[in-house]
Chemist: 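Questions regarding the structure given below will be posed in turn.
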Amino acid sequence: MQGKYKALWLSDDMFDECLEVIDQRQLPFLYDTKYLTDTNEVVTAIKNMTVRGAGVIGSVAAFGIYIAAIEVEGDYEALKEKAALIRESRPTAVNLMWAVDRMMELLRNSDNVIDDARRYAIELNDEEALESQKIAQIGCDIIEDILKKSGKTKINILTHCNAGWLAVIDEGTALAPIYEAKRRGIDVHVWVDETRPRNQGASLTAWELEQSGINHTIIADNTGGHLMQIGEVDMVIVGADRVSANGDVANKIGTYLKALAAYDNGVPFYVAIPESTFDFEIRDGVKEIPIELRSADEVRYIKGVDEDGVVREVRITPENSPAINYGFDVTPARLITGLITNKGVCEADFDKIREKFNS
Ligand code: MRU
């Protein structure tokens, strides 16, 4: 794909080649892009969520190593320090660490660190794009199956946060099967959890689906359980930021509650992931996956557009009330119907995962 993807791409607008990314903080109000030209800008963009979503963070990190290689003029030892900064920029999504480690390992004995970093980053991202396409096909087969068994003509899918092409190259994970469903002519409707506190569902997933003409309805985060009880949810598909060796799934805060409600109502709960989202080093996800703690102001303030079209942030809490902001939670494997992976559907179970992925 020559380094050109939907959420990020190599750009030749500057003196040195750099990475251009969609500024996801501005969506859905404004489509704007940012140039990332050095390590500092890459790290800042990941931390302040100009770019976000497990896969895309990994993709930006891989190209970040290329940009850092230009910065240190191909000196591998100096690159190690830059790589450490990128690797530490966010804690939960393992795709970030995976991408940095893979890039540095491949470059260890390179004679031409800059050119090789460019090539390896493109290869890594092309692989991710291919895996997303496979997830689209495999996940859509499940959608077709569930629809057929239900005897209905339309399928209602609930999703949480954003695991579309803004989150994972190049069609996403949870949304990839939904894009494929539309291509196959399936009547699909998506319940979009708003996903407080940053509202990635209301702002990003809804924006993606609207762009693609896919029927969707935004719901307040607490609505899913009720919809399941009245038979309005046929399946749940979410993405993930890290999956442990035994199939526990770290995903955006609130996912666990949806999984509990789905389990109680007999609604199939699927998690769509590329291979890079597995952390085979961690056996017990609930105990061991590091959970990001973000600024309490993300809970206390909310962003929107006023009637004059001006984007504003307003406080919604008493001035002095404290707040706390966990970015993710972990859904235990026992609540998960299946993992939709690039290698097929896999039970969320230690032995089944080991068998499929030779881990
Ligand atoms: O904090 P974010 O926006 O980077 O969180 C990532 C997510 O959107 C999700 O939890 C998502 O389902 C996994 S990314 C494929």
Side-chain angles (χ1 to χ4, degrees), residues 1-28 30-39 41-46 49-71 86 93 95-96 98-100 102-103 106-107 112-137 162-176 178-180 182-183 204-205 207-213 239 272 274-277 342:
M1 297 178 85
Q2 306 297 315
K4 307 270 183 218
Y5 312 93
K6 290 186 197 146
L8 53 118
W9 50 92
L10 285 173
S11 174
D12 17 63
D13 285 4
M14 313 291 281
F15 181 67
D16 271 325
E17 194 170 45
C18 68
L19 191 64
E20 193 169 349
V21 299
I22 296 178
D23 185 348
Q24 299 194 26
R25 298 167 306 172
Q26 314 290 340
L27 291 172
L30 177 71
Y31 179 97
D32 194 13
T33 64
K34 287 253 171 306
Y35 294 113
L36 307 182
T37 63
D38 61 24
T39 310
E41 288 178 0
V42 168
V43 169
T44 304
I46 294 174
M49 293 177 70
T50 302
V51 288
R52 36 67 51 203
V56 157
I57 297 173
S59 299
V60 169
F63 282 114
I65 297 292
Y66 164 52
I67 289 164
I70 299 172
E71 203 179 338
I86 297 172
N95 311 61
L96 169 64
W98 168 82
V100 171
R102 172 168 153 172
M103 288 292 292
L106 287 167
L107 292 170
N112 188 341
V113 169
I114 297 177
D115 288 354
D116 284 349
R118 185 182 194 279
R119 183 162 56 87
Y120 292 141
I122 290 174
E123 276 173 20
L124 180 148
N125 281 288
D126 286 357
E127 273 173 37
E128 292 280 285
L130 208 63
E131 293 190 6
S132 163
Q133 285 165 21
K134 288 191 183 143
I135 288 168
Q137 299 301 325
N162 172 261
W165 61 260
L166 288 165
V168 182
I169 276 179
D170 213 14
E171 273 215 316
T173 48
L175 294 193
I178 293 169
Y179 288 128
E180 177 61 18
K182 158 113 177 152
R183 285 191 288 268
L204 305 178
T205 297
W207 182 78
E208 276 195 40
L209 294 175
E210 199 205 5
Q211 301 281 309
S212 296
E275 216 167 323
S276 51
T277 302
N342 49 298

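All values reported here derive from a predicted model rather than from experimental measurement.
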Chemist: Under 4.5 Å between any side-chain heavy atoms of Val100 and Ile65, yes or no?
Modeler: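 Yes, close enough: below the 4.5 Å cut-off.
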Chemist: Are Arg118 and Asp115 within salt-bridge range, i.e. N to O under 4.0 Å?
Modeler: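 No salt bridge links Arg118 with Asp115.
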Chemist: When you measure from the side chain of Arg52 to the backbone N and O of Asn162, does any donor-acceptor pair fall under 3.5 Å?
Modeler: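 Checking the backbone N and O of Asn162 against the side chain of Arg52, a donor-acceptor pair under 3.5 Å is found.
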Chemist: So do the side chains of Leu8 and Ile169 get within less than 4.5 Å of each other, counting heavy atoms only?
Modeler: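 Touching, per the 4.5 Å side-chain cut-off.
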Chemist: Taking side chain as C-beta onward, heavy atoms only, is Val42 less than 4.5 Å from Val51?
Modeler: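 Side-chain contact under 4.5 Å: no.
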Chemist: Does the distance from a Lys or Arg side-chain N to an Asp or Glu carboxylate O, for Lys134 and Glu131, drop under 4.0 Å?
Modeler: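 Salt bridge between Lys134 and Glu131, a charged N being under 4.0 Å from a carboxylate O: no.
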Chemist: Please give me the minimum heavy-atom distance between Thr173 and Gly239, naming the atom from each residue.
Modeler: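 Taking every non-hydrogen atom into account, OG1-CA, 3.9 Å.
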Chemist: Is it the case that Tyr35 and Glu41 place a side-chain donor and acceptor less than 3.5 Å from each other?
Modeler: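 Short answer, no.
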Chemist: Can you find a side-chain donor-acceptor pair between Ser132 and Asp170 that sits under 3.5 Å?
Modeler: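 Their side chains do not contain a donor-acceptor pair, so the 3.5 Å distance test is not met.
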Chemist: Would you call Met49 and Gln24 a side-chain contact if the rule is heavy atoms closer than 4.5 Å?
Modeler: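 A side-chain contact under 4.5 Å is absent here.
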Chemist: Consider only side-chain N and O atoms of Glu128 and Tyr5, and report whether a donor and an acceptor are under 3.5 Å apart.
Modeler: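 Per modelled atom types, Glu128 and Tyr5 side chains form no pair under 3.5 Å.
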Chemist: If you take all heavy atoms of Thr205 and Ala163, which pair is closest and at what distance?
Modeler: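 Heavy atoms only, the tightest pair is OG1-N, 4.5 Å.
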Chemist: Going through the distances and angles, do Asn125 and Phe63 end up as a side chain to side chain contact (heavy atoms under 4.5 Å, CB included)?
Modeler: CA-CA 9 Å; Asn125 281 288; Phe63 282 114; 3.1 Å; yes
Chemist: Indicate whether any N or O donor in one side chain lies under 3.5 Å from an N or O acceptor in the other, for Glu71 and Thr39.
Modeler: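 Glu71 vs Thr39: donor-acceptor pair found between side chains.
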Chemist: Would you say the side-chain atoms of Glu275 pair up with the backbone N or O of Asn342, donor to acceptor, closer than 3.5 Å?
Modeler: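 Pair absent, no side-chain N/O of Glu275 close to backbone of Asn342.
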Chemist: With a 4.5 Å cut-off on side-chain heavy atoms, are Leu10 and Ile122 touching?
Modeler: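 The answer is yes, as the side chains (C-beta and beyond) meet within the 4.5 Å cut-off.
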Chemist: What is the minimum heavy-atom distance between Met103 and Ala62, and which atoms define it?
Modeler: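 Looks like CE-O, 3.5 Å.
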Chemist: Do Lys6 and Glu208 have side chains that approach each other closer than 4.5 Å (heavy atoms only, starting at C-beta)?
Modeler: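 Side chain of Lys6 against side chain of Glu208, heavy atoms only: no contact under 4.5 Å found.
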Chemist: If we ignore hydrogens and angles and just use 3.5 Å, is the side chain of Glu171 paired with the main-chain N or O of Tyr179 as donor and acceptor?
Modeler: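 Not at all, since once roles are kept as given, no pair shorter than 3.5 Å links the two residues.
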Chemist: How far apart are the closest heavy atoms of Leu107 and Ala117, and which atoms are they?
Modeler: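 What the structure gives for the nearest pair is CD2-N, 3.5 Å.
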Chemist: Are Tyr31 and Ile22 close enough that some pair of their side-chain heavy atoms sits under 4.5 Å apart?
Modeler: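 A side-chain contact under 4.5 Å exists here.
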Chemist: For a quick test of reading the model, state the closest non-hydrogen atom pair linking Val56 to Leu166 and the distance between them.
Modeler: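 Closest approach of Val56 to Leu166: CG2-O, 3.4 Å.
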Chemist: Show the numbers, then the answer: is there a side chain to side chain contact (heavy atoms under 4.5 Å, CB included) between Ile86 and Leu96?
Modeler: CA-CA 8 Å; Ile86 297 172; Leu96 169 64; 4.2 Å; yes
Chemist: So, for Leu36 and Ala45, which heavy atoms are closest and what is the spacing to 0.1 Å?
Modeler: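 Of all heavy-atom pairs spanning Leu36 and Ala45, the closest is CD2-CB, 3.8 Å.
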